[in-house]
Peer 1: 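The structure follows.
What you are looking at is a predicted structure, and each value in this text was computed from that prediction instead of being measured. Excluded from the calculations below are hydrogen atoms, water molecules and symmetry mates; all remaining heavy atoms, backbone and side chain alike, are included.
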Amino acid sequence: MLRYSKNKEIPRGFKSKATIVVVFIVFVFILGTRVFKVFSNFSSLDFWDKFGFIFVTTYLVVLLISTPLALFISPRTWCQFCPMGSIEKMLGTLGEKTKIAKNTNKKLNDINCIKCKTCVNNCPKGILEIK
């Protein structure tokens, strides 16, 4: 709970796979084109300034999007479709399927789950759901 947030329930649209995929593709495309442009000037002296500026502007855009979402909906709204979270989720799924993460990925025991939503309410990122 954030003091200045409306702390509303996050709309389903922000959690949909379509939103996650679209935001991820747009984010990767924009970041990729900027990096490609900067690398075309790799040998120039201002390369590192321009390369750093890519990340500064990227995080500024994220801040400008996530702050209003946090204030008017819920503090973790951006987390529902954040490109970094999407990458983590894809890598986690890949780790599960290839059995690379079998020793590090502990799942809740569905048999013992009483659907009290304690885990959902205490999730620091606000991304757990009980189905």
Peer 1: Could you list the donor-acceptor pairs under 3.5 angstrom formed between side-chain atoms of residues 64-72 and any protein atom two or more places apart in sequence or on another chain?
Peer 2:
from	atom 1	to	atom 2	distance (Å)
Ser66	OG	Val62	O	2.8
Thr67	OG1	Leu63	O	2.8

Peer 1: Please write out which residues are connected to Phe53 in a hydrophobic cluster, directly or through intermediates, given that two of Ile, Leu, Val, Met, Phe, Trp, Tyr count as joined at side-chain heavy-atom separations below 4.5 angstrom.
Peer 2: none

Peer 1: Please list, chain by chain and in numerical order, all residues satisfying side chain to side chain contact (heavy atoms under 4.5 Å, CB included) with Thr118, sequence neighbours excluded.
Peer 2: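 With neighbours one apart ignored, the set is Cys116, Asn122.
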
Peer 1: Without placing hydrogens or testing angles, list every side-chain donor-acceptor pair under 3.5 Å for residues 30-38, not counting sequence neighbours.
Peer 2:
from	atom 1	to	atom 2	distance (Å)
Thr33	OG1	Phe29	O	3.1
Thr33	OG1	Ile30	O	2.9
Arg34	NH1	Thr57	OG1	2.9

Peer 1: Asp49: which residues meet the salt bridge (charged side-chain N to carboxylate O under 4.0 Å, His left out) condition with it, sequence neighbours left out?
Peer 2: none

Peer 1: OG1/Thr98 to CG/Leu91 distance, rounded to the nearest 0.5 angstrom?
Peer 2: 10.0 Å

Peer 1: Quick one: list whatever passes side-chain hydrogen bond (donor to acceptor under 3.5 Å, both in side chains) with Ser16, sequence neighbours left out.
Peer 2: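 Thr19.
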
Peer 1: For Phe14, which residues count as a ring pair (Phe, Tyr, Trp, His ring centres under 6.0 Å) partner, sequence neighbours excluded?
Peer 2: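 Testing Phe14 for ring pair (Phe, Tyr, Trp, His ring centres under 6.0 Å), a comparison that skips the adjacent residues, returns Phe81.
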
Peer 1: Would you find more than 12 non-hydrogen atoms of other residues, nucleotides or ligands less than 6.0 Å from Met90 atom CE?
Peer 2: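 It does: Met90 CE has more than 12 such atoms within range.
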
Peer 1: What salt bridge (charged side-chain N to carboxylate O under 4.0 Å, His left out) pairs are there with at least one residue in residues 51-70, not counting sequence neighbours?
Peer 2: none

Peer 1: At what distance, to the nearest 0.5 angstrom, does NZ of Lys50 lie from OG of Ser40?
Peer 2: 8.0 Å

Peer 1: How would you list, by chain and number, every residue that makes a ring pair (Phe, Tyr, Trp, His ring centres under 6.0 Å) with Tyr59, sequence neighbours excluded?
Peer 2: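 Tyr59 satisfies ring pair (Phe, Tyr, Trp, His ring centres under 6.0 Å) with no residue once adjacent residues are dropped.
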
Peer 1: Could you tell me the separation between the SG atom of Cys82 and the CZ atom of Arg76, rounded to the nearest 0.5 Å?
Peer 2: 10.0 Å

Peer 1: State the OG-CD distance between Ser74 and Glu9, to the nearest 0.5 angstrom.
Peer 2: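 One finds 9.5 Å between OG of Ser74 and CD of Glu9.
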
Peer 1: State the OG-CZ distance between Ser86 and Phe27, to the nearest 0.5 angstrom.
Peer 2: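 That separation rounds to 10.0 Å.
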
Peer 1: Rounded to the nearest 0.5 Å, how far does NZ of Lys15 lie from OG1 of Thr77?
Peer 2: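 Thr77 atom OG1 to Lys15 atom NZ measures 9.0 Å (nearest 0.5 Å).
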
Peer 1: Is Val28 close to Pro83 at the side-chain level, that is, under 4.5 Å between some pair of heavy atoms?
Peer 2: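 The answer is no; the side chains never approach within 4.5 Å.
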
Peer 1: When hydrophobic residues are tied together by side-chain contacts of less than 4.5 Å, even through go-betweens, does Phe51 share a cluster with Val61?
Peer 2: yes

Peer 1: Taking a hydrophobic cluster as the set of Ile, Leu, Val, Met, Phe, Trp and Tyr residues connected by side-chain heavy atoms closer than 4.5 Å, whether directly or through intermediates, do Leu60 and Phe55 fall within one such cluster?
Peer 2: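 No, separate clusters.
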
Peer 1: Apart from Val56 itself, what residues make up its hydrophobic cluster, given side-chain heavy atom links below 4.5 Å?
Peer 2: none

Peer 1: Any idea which heavy atoms bring Ile10 and Gln80 closest together, and the distance?
Peer 2: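 Distance-wise, the nearest heavy atoms are CD1-NE2, 3.5 Å.
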
